[in-house]
2 protein chains.
Amino acid sequence: MKDGDGPGDGDPDGDGDGCGVLPGSIRPGGRTARVRASVLRAAGDALAEHGFAGLDLADVASRAQVGRTTVYRRWGSAGALVADLLVDMAEQSLARSRTGSLLGDLKENARLVQRTLVDPRQGPLFRAILAAAATDDSTARALRRFYEIRVAEWAGCVDDAVERGEIPAGTDAREVVRAVSAPLYYRLLTTAEPPDETAANRAAEGAFVAAHAGVYLRVRPGAPQPGAVGDPEPAGEHEVGR
Amino acid sequence: MKDGDGPGDGDPDGDGDGCGVLPGSIRPGGRTARVRASVLRAAGDALAEHGFAGLDLADVASRAQVGRTTVYRRWGSAGALVADLLVDMAEQSLARSRTGSLLGDLKENARLVQRTLVDPRQGPLFRAILAAAATDDSTARALRRFYEIRVAEWAGCVDDAVERGEIPAGTDAREVVRAVSAPLYYRLLTTAEPPDETAANRAAEGAFVAAHAGVYLRVRPGAPQPGAVGDPEPAGEHEVGR
DNA sequence: GCCTTAACGGAACTTCCATCCCCTTAGCGG
DNA sequence: CCGCTAAGGGGATGGAAGTTCCGTTAAGGC
């Protein structure tokens, strides 16, 4: 939790012109920083427990041991509060792994995502945040930035794999990373069982095999053939497979 | 829109024991059916326009030209209303395609999902429904049933492909179908651009290649090798590829 | 076609959440 | 260390969302 960064995109002034100075931006030290840390922590707890619809700003305030007025003045709405929480979460992103093989890195990523989604606190928290983003526009923007950062971090694994000749040059690295996360989130949202380790491995292997077959090439060739989607030697000098 | 089926899992009586007869179950004909159809239609419109958080039952009532009391009595809450809407949507599921090849069928499915998600009405509606399900428990149950039905319908394509020898026997058909939808939903929720046709093709091809490589086998062999994930001849007599 | 009563509908009522007012606390420049 | 004022806190206020009451309409059995 860093000092000195104000809330997200909300406009608690309500005048819409953004000219009024946001509370917390002039004296960001001491108490102001403590209040922000405390409120964001409380907001995360409340979201994990009651979901976005059940998010009561008065409850957040009392959990954080600050006045209700303070929460309303600095964040203004539940959506803006979640957006600021996402800014805070984005700053705490973990570094990607470097196992030496793409499949190894993708599996590390998949397990990280999977463990996050089944975590008793983080899982419900992510569900709640996704709900908030589907509802509130400023939250949606913060969520996109959050995933942009995470995806860009792990895309390095894919670029490294291209250099090693594991997968074809011209592969859209971010698409590969997204292909790993997607099945895990889909399962979280549409089935009763949260993703398990098997699901994580399948997600990583699926993305790996598809990347290897050239499915995520930025310039896409014609329809793939069974067993040789996108051609076994699509665009580069790499002699894997066979 | 069928007559005779009451609301979802909500308990508008509020007594919690479920013994009180639900409104609409004794005289489901004429007016009652008209009211349900009209309210569900209005709820869908309102959801698509304002999202789940902006769903006002009074607004739904006036759109549907029924009394507010009626909506509260028969559905009781926004979540229960969305749950009933999902029951209605599940009944209108379209039949799967039969192009003769797995890749062709998966592409048809991917395009169907993609077109739904970018549709001016359906896209926002699905976003709103996902938000509702992440928040409300009865909605989540209805959503799971909805996808169970859809996935089961398209799983037939995968089973046919196994019989044709396109992919290994023992493949988890529903996992393959989910693998097609997942990237499209993930993109809808976490990026600014809704999925396009390229994304749909990638989703279908990725699932196809992974299925062919044995990633979705119910009994999973050891870690896959590059170019031969799950073994080129995993479990059956099929001579595709090479 | 009549009767019973399920289901609908309008309006008053209650509750809860966001906002406003004004006083208190404490960050930060001098 | 002092003073100015940004930021926080408690309580009152206004309004919107949900609930209840009771009269009205029409479904379905005879």
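Taking the centre of each ring, Tyr185(A) and Tyr147(A) come in below the 6.0 Å mark.
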Under 3.5 Å between N/O atoms: give me all the protein pairs with nucleotides 27-30 of chain D, atom names plus distance.
unit_1  : atom_1 : unit_2   : atom_2 : d
dA27(D) : OP1    : Arg31(B) : N      : 3.4
dA27(D) : N3     : Arg27(B) : NH1    : 3.0
dA27(D) : N3     : Arg27(B) : NH2    : 3.3
dG28(D) : OP1    : Pro28(B) : N      : 3.4
dG28(D) : OP1    : Gly29(B) : N      : 2.8

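Interatomic distance, OG of Ser97(B) versus CD of Glu153(B), reported as 9.5 Å (0.5 Å rounding).
Nucleotide dG9(C) holds its C1' atom 8 Å from the CZ atom of Arg73(B), rounded to whole Å. In this structure, the CZ atom of Arg74(B) is 17 Å from the P atom of dT19(D), given to the nearest Å. Counting to the nearest Å, the C1' atom of dA17(D) and the CG atom of Leu81(B) are 15 Å from each other. Between Arg36(A) atom CZ and dG27(C) atom P the separation is 17 Å, expressed in whole Å. Rounding to whole angstrom units, OH of residue Tyr72(A) and P of dG10(D) are separated by 15 Å.
Applying a 4.0 Å cut-off to non-hydrogen atoms, the residues of residues 51-69 of chain B that approach DNA chain D are Asp56(B), Thr69(B), listed by residue number.
Within 6.0 Å of CZ on Arg96(A) lie more than 12 heavy atoms contributed by other residues, nucleotides or ligands.
A salt bridge links Glu49(B) to Arg63(B): at least one charged side-chain nitrogen sits closer than 4.0 Å to a carboxylate oxygen. Asp88(B) and Arg36(B) are joined by a salt bridge, as a carboxylate oxygen and a charged side-chain nitrogen come within less than 4.0 angstrom of each other. The pair Glu205(A)-Lys107(A) meets the salt-bridge criterion, since a charged nitrogen lies less than 4.0 angstrom from a carboxylate oxygen.
Closest approach of Gln114(B) and Ala200(B) over heavy atoms only: CB-CB, 3.9 Å.
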Kindly list each side-chain donor-acceptor pair under 3.5 angstrom involving residues 119-133 of chain B, sequence neighbours excluded, with atom names and distances?
unit_1    : atom_1 : unit_2    : atom_2 : d
Asp119(B) : OD2    : Arg121(B) : N      : 2.9
Asp119(B) : OD2    : Gln122(B) : N      : 2.8
Arg121(B) : NH1    : Asp45(B)  : OD1    : 2.1
Arg127(B) : NH2    : Leu188(B) : O      : 3.1

